[in-house]
Amino acid sequence: MSATTPDPAPAARSRSSIRSLLRLWPYVRPIRARLGASAVVGVVASSMGLLIPLVLKWLVDGPVTDRDPSGVWLGGGLVLLLGLLEAGLFGLRRWLVARPLAGVEASMRSDLYQRLQRLPVSFHDRWASGQLLSRATMDLQILRMFLAFPLVFLFVNATTMLIGFGILLAQSPLLTLVLLGPAVPLVVLSMRFETRYALAARRAQDQAGDLATLVEESVLGVRIIKAFGRHRTQSQAFHQQARDLRGTELHKARLLSDLWAIIMTLPELAIGVALVVGVLQVSDGKLSTGTLVAFLTTALALRWPVESIGFLLAMSNEAATAADRYFEPMAMQGAEASDPADGKDADDLAADLAAHAPGGDGLRMAGVGFRYPDAPADSAPVLAGVDLHIRSGETMALVGATGCGKTTLTALVPRLHEPTSGRITLDGADTAAMPVARLRELVAVAFEEPTLFSATVRENVAMGAGPSGADEAAVLRALEIAQCGFVHALPQGLDTQVGEQGLSLSGGQRQRLALARAVVGRPQFLILDDPLSALDVHTEALVEAALRDVLRETTALVVAHRPSTVALADRVALLAQGRVAAVGTHQELLRDNAEYRRLMSGLDTAVEPLERSDAR
């Protein structure tokens, strides 16, 4: 919500905040007993503090007036005992909730991570990583603090004020009415504050996510920034966003300070007026000295519950905003969010996997179309009615001009994107009805832009083997196929950490490791998106020679831009205008198709508009 959005009505905003916080109930329910116990303990602890003024009343009107030293010692001991009990009970309250709430935070973070892993690629194309990171860290910390403190103390302090004002009313109805004078303006100011603070809190949390995105991009792209000398530009962008966030935080601080000043000033004035009225009543004999002392001591004990209203409301509003931000990605629906395997036990899942066992029909696409969800309604689809059949054990090369939809088409096979029309089958099984776990076991992918993780070479390669993992022999075989002999010269060999994004390696080395990851699990279907583009001609020849043996054992779709890569395929499919324009062998298409000849000769200078996925 932007700063220019009109403020909702206070009552509506309050109801919205409550609804946002109620969404936390599934996570809070398992620990509701301990939260309830902590609230009860907190009320009892606060009640200990309210008993102290009653002891003081007895002391002043009794032992002090009667000059009884033993009674004074007894009263002092009671006050000390009540203080120790109050401190001990508050410590017990904290102990009751500390470990369970850490578990709630861990559970919410785990659920968010799992959902982010399962949401389709189109979701991650739209969402900045810094926004997701801030939701998984800062927002969850805010929610844990809310559950640990404001949630409990809103109840504890409200109960304490009811008990305290009951005690005050019993001691002096007149003085109690004097203290209650600021109640109405405090309620009105609190409601107004809640509305304005909620908007500022949302803006600050969104700005923090944007700042995290900028920092992440600057770190990952530091080579580009340095190479083009853009560090000043990036620094200016960072400082601008940091200033915006600072301004919003200062705005929040001003709102809170204004409310805090009013909340502290009005009760203090009321206590001062009550003191003057009380002294007059004592002088007239209408009130005992002990009663006045007890009344004022009780009023002072109630200062914290009253003054904490602004602080607790601020934390509650930030928590409501954090809950909204947390549940935004959690509520996103996508292909993998409704995996047919969800909710099935191991036996049912095993039956599903057996039902989708290979049947020998290969990879078939029938009328496959695709349009990005956020594409303009009047724009042409990226793919429009693709019909393609790759026979079992066959290697098909996919060629076409830049931006024609090759990368998008390969992403549809493992369901990184969902087709908007048509169907894709693997050996006769519809991928849309297939459990995602089974689909990812059948299909391996090597992307043109290889991504490696901050892990060892062995771990990066073995990731392609799926949950079953890969033994040493399988990893070494995959490295040999991809001509990754360079790993043995690394400081720790296969146990060398490749660094974040694999940037400690060259582009060709990263691409070869990504290819090794794709073939390590001996997949039945292999999707290669121009996997040799970063290799020199000599290394490319060696990789192709080793890759031929792998391709004989699998059904493969290979995106190709060079004749050397096309030579790996049994047949070639030409993609143009979102459709398969021609299919045949390399020689047949060279002979019969002018567009294919231009592509292979490199004479085609007309480049179509960039495909959306390439731009991303």
Side-chain angles (χ1 to χ4, degrees), residues 121-122 335 361-391 394-426 428 430-432 443 445 447-448 525-530 555-563 565-566 569-616:
V121 174
S122 58
D361 186 51
L363 171 59
R364 187 183 293 272
M365 301 181 183
V368 172
F370 181 78
R371 179 194 296 272
Y372 282 94
D374 54 350
D378 57 350
S379 63
V382 178
L383 300 173
V386 172
D387 293 306
L388 185 63
H389 182 207
I390 307 173
R391 294 184 287 266
E394 181 182 34
T395 298
M396 177 77 74
L398 184 66
V399 301
T402 300
C404 67
K406 301 184 298 296
T407 297
T408 298
L409 185 62
T410 58
L412 298 181
V413 179
R415 286 177 60 188
L416 301 181
H417 293 293
E418 287 292 309
T420 51
S421 61
R423 65 196 297 259
I424 301 175
T425 60
L426 301 179
D430 192 340
T431 58
V443 180
V445 181
F447 298 102
E448 182 179 7
F525 297 88
L526 186 60
I527 309 296
L528 303 178
D529 186 1
D530 200 16
T555 303
L557 177 62
V558 182
V559 174
H561 292 98
R562 293 180 290 185
T565 308
V566 172
D570 301 305
R571 290 189 300 156
V572 182
L574 174 63
L575 191 64
Q577 304 298 323
R579 291 181 172 84
V580 174
V583 177
T585 65
H586 176 58
Q587 295 300 327
E588 290 172 348
L589 292 181
L590 279 177
R591 183 184 66 242
D592 302 332
N593 193 289
E595 182 178 358
Y596 184 77
R597 285 196 299 271
R598 286 195 300 271
L599 288 173
M600 290 297 102
S601 66
L603 298 178
D604 185 15
T605 57
V607 179
E608 298 179 20
L610 281 179
E611 177 193 348
R612 294 163 60 86
S613 62
D614 291 343
R616 296 177 184 182

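Keep in mind the model is a prediction, meaning the values are calculated, not measured.
Residues Ser379 and Tyr372 bring no donor and acceptor atom of their side chains to less than 3.5 Å of each other.
Annotation: side chain of Val413 is not in contact with side chain of Phe525 (no heavy-atom distance under 4.5 Å). Val368 places none of its side-chain heavy atoms less than 4.5 Å from the side chain of Leu388. Considering only heavy atoms from C-beta on, Leu528 stays 4.5 Å or farther from Thr565 through its side chain. Using a 4.5 Å heavy-atom threshold, the side chains of Val443 and Arg415 count as separate. Looking at Thr420 and Pro381, their side chains never come closer than 4.5 Å, going by heavy atoms from C-beta outward. Using a 4.5 Å cut-off on side-chain heavy atoms (C-beta onward), Leu426 and Leu363 make contact. For the pair Val580/Met365, no side-chain contact is recorded, criterion being any heavy-atom separation below 4.5 Å from C-beta on. Counting only heavy atoms from C-beta outward, the side chains of Glu588 and Val572 never approach each other to under 4.5 Å.
No side-chain donor-acceptor contact under 3.5 Å links Arg571 to the backbone of Val583. Of the possible donor and acceptor atoms, none in the side chain of Thr410 sits under 3.5 Å from a partner among the backbone N and O of Ile527. Counting only distance, with no hydrogens or angles, the side chain of Arg597 and the backbone of Leu590 share a donor-acceptor pair below 3.5 Å. Looking only at distances, no side-chain donor or acceptor of His561 sits under 3.5 Å from a matching main-chain atom of Thr402. A donor-acceptor pair under 3.5 Å is absent between the side-chain atoms of Lys406 and the main chain of Leu398, judged by distance alone. In this structure, Thr555 contributes its side chain and Gly362 its backbone to no donor-acceptor pair below 3.5 Å. For Arg579 (side chain) and Ala384 (main-chain N/O), a donor-acceptor pair under 3.5 Å exists by modelled atom type. In this structure, the side chain of Asp430 does not engage the main chain of Thr425 through any donor-acceptor pair within 3.5 Å.
Heavy atoms only, all atoms of each residue included: Val566 and Ala560 are closest at CG2-CB, 3.7 Å.
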Task: Residues Phe370, Leu412; criterion side chain to side chain contact (heavy atoms under 4.5 Å, CB included); working and verdict - done: CA-CA 9 Å; Phe370 181 78; Leu412 298 181; 3.9 Å; yes
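Exactly one of Met600, His586, Glu595 qualifies for a side-chain contact (heavy atoms from CB on, under 4.5 Å) with Val399. That residue is Met600.
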